[in-house]
Student: 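This is the structure I want to talk about, given as structure tokens.
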Amino acid sequence: MHRAVYSCSNIVGPAMIRQCLKCRVPQQLSSRAYSVVPTPRDSEEKEMLHRILRVDHAGEYGANRIYAGQMAVLGRSSIGPLIQEMWDQEKVHLAKFTEILAESRVRPTALLPFWNIAGFVLGASSALLGKEGAMACTVAVEESISEHYNSQIRALMEEDPDRYTELLQVIKEFRDDEIEHHDTGLEHDAESVPGYWILKNAIQLGCKAAIYASQRI
């Protein structure tokens, strides 16, 4: 009997055993009630989470439309591949928040049709100022988004970091991407566009208004 067990263990082998254990992990994870956002414990937590998810989805949607507008003007220029690279990352962000909204049964902001047009117009009009204008727009928008993500991170950490581990991980990862886009804009002469500070402040004022409205409507 001992020889039979030993022989069988040799046939199966450690590698196959490890593979079988890996196969069991998704089944264990799938038994959770949620993937990223926990089920709200009360109406107050539900309102908080819905606001966070709604505005983050709206922000990523608007960012996608801005890059679409920039690509419409500068897509064939030398800066086109760089804008496309940043846009591709924003597409990943938007897809993730779209998925989370569906899983958590959160309605998107009713202002999406407006952000669709406004984002594209902002991206295209900034790109008409040239590469520097597009990069100035990127700096302004990504700085606003990263600051907003930071405020959400602080709020969730103060509330219950263990409860919101997965959501915090998503927000932190996307925040880091936005900071990278911001720095890329500065590296590509954003500050050299005429009226940079006026343009930046005007765009960021619009971003603050968009954040406020998207949380509530």
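Numbers for residues simply follow the sequence, beginning at 1.
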Student: What are the two closest heavy atoms between R175 and S146, and how far apart are they?
Tutor: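 Closest approach of R175 to S146: CG-O, 3.9 Å.
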
Student: Begin from the C-alpha positions of L101 and H50 and carry the test side-chain contact (heavy atoms from CB on, under 4.5 Å) through to its verdict.
Tutor: CA-CA 9 Å; L101 251 63; H50 282 213; over 6 Å; no

Student: If you count heavy atoms of other groups shown closer than 6.0 angstrom to OH of Y196, is the number above 12?
Tutor: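 Check passes, neighbour count above 12.
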
Student: Does atom CD of Q169 have more than 12 heavy-atom neighbours from other groups under 6.0 Å away?
Tutor: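 Check fails, neighbour count at 12 or below.
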
Student: Show the numbers, then the answer: is there a side-chain contact (heavy atoms from CB on, under 4.5 Å) between V55 and Q152?
Tutor: CA-CA 11 Å; V55 73; Q152 290 182 344; 3.6 Å; yes

Student: How about R105: does its CZ atom have over 12 heavy atoms from other parts shown lying under 6.0 Å from it?
Tutor: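 Check fails, neighbour count at 12 or below.
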
Student: Please report the interatomic distance CD(E178) to OH(Y149), rounded to the nearest 0.5 Å.
Tutor: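 Going from the CD atom of E178 to the OH atom of Y149 covers 5.5 Å.
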
Student: Would you mind reporting whether Y164 and I171 have side-chain heavy atoms less than 4.5 Å apart?
Tutor: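 A side-chain contact is absent here, since even the closest heavy-atom pair is not under 4.5 Å.
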
Student: Please collect all salt bridge (Lys or Arg N to Asp or Glu O under 4.0 Å) contacts where either partner lies in residues 47-63, sequence neighbours excluded, each pair once.
Tutor: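 Checked against salt bridge (Lys or Arg N to Asp or Glu O under 4.0 Å) - neighbours excluded - the pairs reaching residues 47-63 are E47-R51.
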
Student: Answer yes when E45 and R163 have at least one side-chain N-carboxylate O distance shorter than 4.0 Å, and no when they do not.
Tutor: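 Yes, E45 and R163 are salt-bridged.
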
Student: How about CZ on R76, more than 12 heavy atoms from neighbouring residues, nucleotides or ligands closer than 6.0 Å, or not?
Tutor: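 Count not over threshold, so no.
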
Student: Let's go through D88 and K91 carefully: what are the C-alpha distance in whole Å and the side-chain angles of both, what is the deciding distance for side-chain contact (heavy atoms from CB on, under 4.5 Å) to 0.1 Å, and is it a yes or a no?
Tutor: CA-CA 5 Å; D88 288 342; K91 290 178 181 178; 3.9 Å; yes

Student: I'd like to know if the side chain of H57 reaches the main chain of L53, judged simply by a donor and an acceptor atom lying under 3.5 Å from each other, with no hydrogens or angles considered.
Tutor: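 No; judged by distance alone, with no hydrogens or angles, the pair does not exist.
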
Student: Give every donor-acceptor pair under 3.5 Å between a side-chain atom in residues 202-212 and any protein atom, sequence neighbours left out.
Tutor:
{"from": "Q204", "atom 1": "NE2", "to": "A140", "atom 2": "O", "distance (Å)": "3.2"}
{"from": "Q204", "atom 1": "NE2", "to": "E143", "atom 2": "OE2", "distance (Å)": "2.9"}

Student: Any donor and acceptor pair, going by atom type alone, linking the side chain of N64 with main-chain N or O of E90 inside 3.5 Å?
Tutor: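 Indeed, once roles are kept as given, a pair shorter than 3.5 Å links the two residues.
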
Student: Give me the ring orientation class for F174 and H93: parallel if the planes are under 30° apart, tilted from 30 to 60°, perpendicular past 60°.
Tutor: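 The arrangement is parallel - the two ring planes meet at less than 30°.
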
Student: Assess whether atom CD of E191 is packed by more than 12 heavy atoms of other residues, nucleotides or ligands within 6.0 Å.
Tutor: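 Correct, the count exceeds 12.
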
Student: Closest heavy-atom contact between L199 and V193?
Tutor: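 Shortest heavy-atom contact: CD2-CG1, 4.4 Å.
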
Student: Quick one: are H188 and D183 in side-chain contact, heavy atoms under 4.5 Å?
Tutor: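 Sidechains of D183 and H188: no contact.
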
Student: Can you name the nearest heavy-atom pair linking L74 to G130, along with the distance?
Tutor: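 Where L74 meets G130 most closely, the heavy atoms are CD1-O, 4.1 Å.
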
Student: Using distance alone, with no hydrogens and no angle criterion, decide if S214 and W115 have a side-chain donor and acceptor under 3.5 Å apart.
Tutor: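 W115 and S214 do have a side-chain donor-acceptor pair below 3.5 Å.
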
Student: Please examine the side chains of L156 and L167, heavy atoms only from C-beta on, and report whether any two atoms are closer than 4.5 Å.
Tutor: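 In contact.
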
Student: So, for P81 and S77, which heavy atoms are closest and what is the spacing to 0.1 Å?
Tutor: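 In this case the closest contact between P81 and S77 is CD-O, 3.7 Å.
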
Student: Kindly give the heavy-atom pair with the smallest separation between D189 and K131, and that separation in Å.
Tutor: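 For D189 and K131, the tightest heavy-atom pair comes out as OD2-NZ, 3.1 Å.
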
Student: Report the residue from D177, V141, V139 that forms a side-chain contact (heavy atoms from CB on, under 4.5 Å) with H182.
Tutor: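 With H182 as partner, side-chain contact (heavy atoms from CB on, under 4.5 Å) holds for just one option, V139.
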
Student: Could you tell me whether a side-chain N or O of S104 sits under 3.5 Å from a main-chain N or O of V106, the two making a donor and an acceptor?
Tutor: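 Side chain of S104 to backbone of V106, a donor-acceptor pair under 3.5 Å: no, none is there.
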
Student: Just by modelled atom types, is the H148 backbone N or O under 3.5 Å from a matching donor or acceptor in the S151 side chain?
Tutor: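 Pair found, side chain donor or acceptor close to backbone of H148.
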
Student: Between A134 and Q70, what is the shortest heavy-atom contact and its length?
Tutor: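 Heavy atoms only, the tightest pair is O-NE2, 3.1 Å.
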
